[in-house]
Amino acid sequence: MVKINGKQLDLAGKPLEKYLESAGYDPKRIAVERNGAILPKARYSETILSDGDEIEIVSFVGGG
């Protein structure tokens, strides 16, 4: 199980990039933290989610 933004999901063994696409995230407008460390956008496609991972996804919102 992988915890994403506080929810336990059965995503172990799946690529992070595929999860982001399926969940409707725009990679240009988010930041991803994996187990307490910021994950560079260039690594989203090569990152395979592991059992016990804790992922936080933050969306950037424009405004003024």
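This chain uses plain numbering: 1 for the first residue, then up along the sequence.
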I'd like to know if the side chain of [X] and the backbone of [Y] have a donor-acceptor N/O pair within less than 3.5 Å.
X	Y	value
R29	S59	no
K41	P27	yes
D10	M1	no

(request) Look up atom CD in E54 and atom CG in N5, then write down how far apart they are to the nearest 0.5 Å. (result)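 If I round to the nearest 0.5 Å, the distance is 11.0 Å.
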(request) Starting at NZ of K18, measure out to CD1 of I48 and round the result to the nearest 0.5 Å. (result)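 Result: 10.5 Å between the selected atoms.
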(request) Indicate yes or no: does R34 engage D53 in a salt bridge with an N to O separation below 4.0 Å. (result)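 Salt bridge flag = yes for D53 with R34.
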(message) Could you report the tightest heavy-atom contact between S45 and E17, atom names first, then the distance?
(response)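 For S45 versus E17, the nearest heavy atoms are CB-OE1, 3.3 Å.
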(request) Identify the two heavy atoms, one from A12 and one from S50, that lie closest to each other, and give their separation to 0.1 Å. (result)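 So the minimum-distance heavy-atom pair works out to CB-C, 4.1 Å.
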(request) Linking directly or through intermediates, with side-chain heavy atoms under 4.5 Å: list the remaining ILVMFWY members grouped with L49, chain and number order. (result)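 Members besides L49, by chain and number: V2, I4, L9, L11, L16, Y19, L20, Y25, I30, V32, L39, Y44, I55, I57.
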